[in-house]
Amino acid sequence: MDPNRFTKLSDTAWQLEPTGKMRVPAILYASEALLREMDDKVAEQATNVATLPGIVQASYAMPDAHWGYGFPIGGVAAFDADAGGVVSAGGVGFDVSCGVRTLHTGLTREAIEKIKPALADALFESIPAGLGSTGYIHLRDHQMTEMLAGGAVWAVQQGYGEAADLERIEEHGRMAGADPHAVSEQARKRQRNEMGTLGSGNHYLEVQHVTEIYDPAVAKVFGLAVGQVVVSIHCGSRGLGHQIGTEFLREMAVAANRHGIELPDRELACAPIRSELGERYLGAMRSAINCALANRQILTHLTRRVFAKVLPEARLDLLYDVSHNTCKVETHSIDGSPRQLYVHRKGATRAFGPGHPDLPDALRPVGQPVLIGGSMGTASYILVGTNEGERLSFNSACHGAGRAMSRHAATRQWRGRALVDELAGRGILIRSPSLRGVAEEAPGAYKDVSEVVKATHQAGLARMVARVEPLVCIKG
DNA sequence: ATGTTC
């Protein structure tokens, strides 16, 4: 889009002044090059969000923002319940609590290279991946209720993982305020056999090696050094989150008139935070957050079992687990006073700065790890939250590369087999149940995550700590 | 993203 439409706040911050029904400005964070490439729809959608009741400070878009359902993917907006604020299912997204977790292995790249194909095969054998994939866990209804209330804490109680994992997960592994009874029978049914599965699309499990350190002091606290091997898992709440999103979008669209909310776009469907529907959505959405946390925890357990067999000297300790599709109640300083806000992050990663009370003791001095997944076969990045991020974006950063091309267009341009062979030639082993899925996820179909991360760093939303590159990728 | 169009 045309940079001349904006008030330029800095080299990486672009503001649209409030006009018409906008209650606050819209601010897009991006380099000029990323802004020029960005779809005009991002500005239109960020502007639409700025009209919603109770919005505080500004409607934001991250450097990887693109056109989404109602809200842009890469959108951040905070609402004050006392000022008539709303909660929006489209402001969270369908894949509730989709996110990334990264585990140390204690191994170096050399140790992996020797048995890389065997490791890839063993992971592919053990990690259920792909559309409609089912796992070896089958939940009865009361177990489902316990999982939806307990998240990764429940998973650890069931024997999936270790208690020490929990402090390295947002919300310490369990999202408070979940209401499993607000989750429909249909959503429960879809999830019954899907715990501990990766799913499809851009979801993956990767074995990666650290190739660059940008901030040695923070990297040391994070336990990262060049040549070390880590495992990253990117997935979400599977069918359950999607079903909840679908049901509440419909219900919120129907109820908007009743709540006296005027919507510039029907897809912005929302409900007052202080309404029966708003509270019910929050209870269901928080249950879906717990589902995603439990899912990544079970996948961690499966991954540890594979390493125990193939590379028994490995020790998989959790660095951190982030979610990038959520609405969370947080206290932020607004004009010098603390206010409790409902922060929507849709395709945006929480990025708490140094000293934040919610961080574990070991990480609090430096800030929260911000895990940014690249596309298949490309680099990923580990950043750290900043204090200035609170003023800039309610402590939010980008979440990934973002598509540059539709899935359909990608399958016309690339063949899965050729991509797998090409990546294997560069030492990156892909294992996937779907060659078509691989073609849809071709690296060329995504924006350059490096440019997104650089802009995020330059804007001060989060700071670059390390780059990792893939060795093995289990692709959904 | 998604029992890939209830």
Side-chain angles (χ1 to χ4, degrees), chain A residues 45 64-75 88-100 128-135 138-139 144 183-205 233-251 253-254 267 284-285 288-289 291-293 295-296 299 322-327 344-349 373-376 399-412 416 432-442 445-447 474-476:
Chain A
Q45 293 191 316
D64 52 339
H66 54 283
W67 183 13
Y69 188 95
F71 284 54
I73 297 162
S88 169
V92 171
F94 283 92
D95 190 6
V96 177
S97 200
C98 180
V100 181
L131 189 69
S133 52
T134 54
H138 311 284
L139 297 184
M144 177 69 66
V183 176
S184 70
E185 283 307 313
Q186 186 64 11
R188 288 161 172 264
K189 186 176 156 199
R190 283 182 66 170
Q191 195 61 29
R192 262 184 63 182
N193 302 319
E194 291 196 346
M195 294 310 295
T197 66
L198 211 45
S200 65
N202 64 355
H203 290 169
Y204 59 75
L205 182 149
I233 301 171
H234 178 202
C235 65
S237 53
R238 307 286 286 111
L240 182 132
H242 191 269
Q243 185 67 26
I244 289 171
T246 303
E247 290 169 6
F248 279 91
L249 274 167
R250 193 186 303 131
E251 204 174 344
V254 170
E267 293 185 359
M285 185 269 300
I289 290 179
C291 175
L293 297 182
N295 194 32
R296 290 196 285 273
L299 286 165
V322 299
S323 296
H324 46 232
N325 282 358
T326 60
C327 174
H344 292 66
R345 296 188 182 90
K346 179 185 187 181
T349 311
S375 51
M376 179 183 66
H399 83 303
R403 290 198 80 88
M405 187 185 292
S406 73
R407 295 184 180 284
H408 187 68
T411 56
R412 277 194 310 238
S432 174
S434 164
L435 283 173
R436 181 178 154 189
V438 169
E440 289 179 351
E441 295 296 316
Y446 278 80
K447 290 179 202 162
I474 309 303
K475 190 74 197 159

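Bear in mind that the values here come from a model prediction, so they are computed numbers and not experimental data. Worth knowing before you read on, the calculation uses all heavy atoms, side chains too, and leaves out hydrogens, waters and symmetry mates. Sequence lines set the chain letters: A, B, ... in the order given, protein chains first and strands last, and positions in each chain run from 1.
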Checklist entry - Which ones in residues 238-249 of chain A lie close to DNA chain B, meaning a heavy atom under 4.0 Å from one of its atoms? => result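 By residue number: A:R238, A:G239, A:H242.
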Item to check | Sequence-distant partners of A:Q243, side chain to side chain donor-acceptor pair (under 3.5 Å), two or more places apart | outcome: A:R190, A:E247
Item to check | Counterpart residues, side chain to side chain donor-acceptor pair (under 3.5 Å), relative to A:E441 (two or more places apart) | outcome: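 So A:E441 forms a side chain to side chain donor-acceptor pair (under 3.5 Å) with A:R403, A:R407, A:Y446.
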Checklist outcome for this item: Residue pair A:R250/A:E441 against DNA chain B: nearer the 5' end by closest nucleotide is A:E441
Distance check needed: [N] [atom2] versus [X] [atom1], whole Å only.
| X | N | atom1 | atom2 | answer |
| --- | --- | --- | --- | --- |
| A:R436 | B:dT2 | CZ | C1' | 13 Å |
| A:N325 | B:dT2 | CG | C1' | 13 Å |
| A:F94 | B:dT5 | CZ | P | 12 Å |
| A:K189 | B:dC6 | NZ | C1' | 13 Å |
| A:L435 | B:dT4 | CG | C1' | 17 Å |
| A:E251 | B:dC6 | CD | C1' | 16 Å |
| A:E440 | B:dT2 | CD | P | 12 Å |
| A:H203 | B:dT4 | NE2 | P | 16 Å |

Checklist entry - With sequence neighbours left out, what residues match A:I244 under side-chain contact (heavy atoms from CB on, under 4.5 Å)? => result A:V183, A:A187, A:L240, A:F248, A:Y281, A:A284, A:A288
Item to check | Any A:S200 side-chain nitrogen or oxygen under 4.0 Å from OP1 or OP2 of B:dT4 | outcome: no
Item to check | Residues in ring-ring contact (aromatic ring centres under 6.0 Å, His included) contact with A:H242, at least two apart in sequence or another chain | outcome: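 Counting only residues at least two positions away or on another chain, A:H242 forms a ring-ring contact (aromatic ring centres under 6.0 Å, His included) with A:F94.
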Checklist entry - Among all residues two or more places apart in sequence or in another chain, which pass the ring-ring contact (aromatic ring centres under 6.0 Å, His included) test with A:H234? => result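 Partners of A:H234 under the ring-ring contact (aromatic ring centres under 6.0 Å, His included) test: A:H203, A:Y204, A:H324.
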Item to check | A:R296 versus A:S323, side-chain donor and acceptor atoms under 3.5 Å | outcome: yes
Checklist entry - Base, sugar-phosphate, or nothing: which does A:G93 touch, judged by heavy atoms less than 4.0 Å apart? => result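 Contact class for A:G93: none.
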Item to check | Qualifying residue for side-chain hydrogen bond (donor to acceptor under 3.5 Å, both in side chains) with A:H399, from A:D64, A:T349, A:N325 | outcome: A:D64
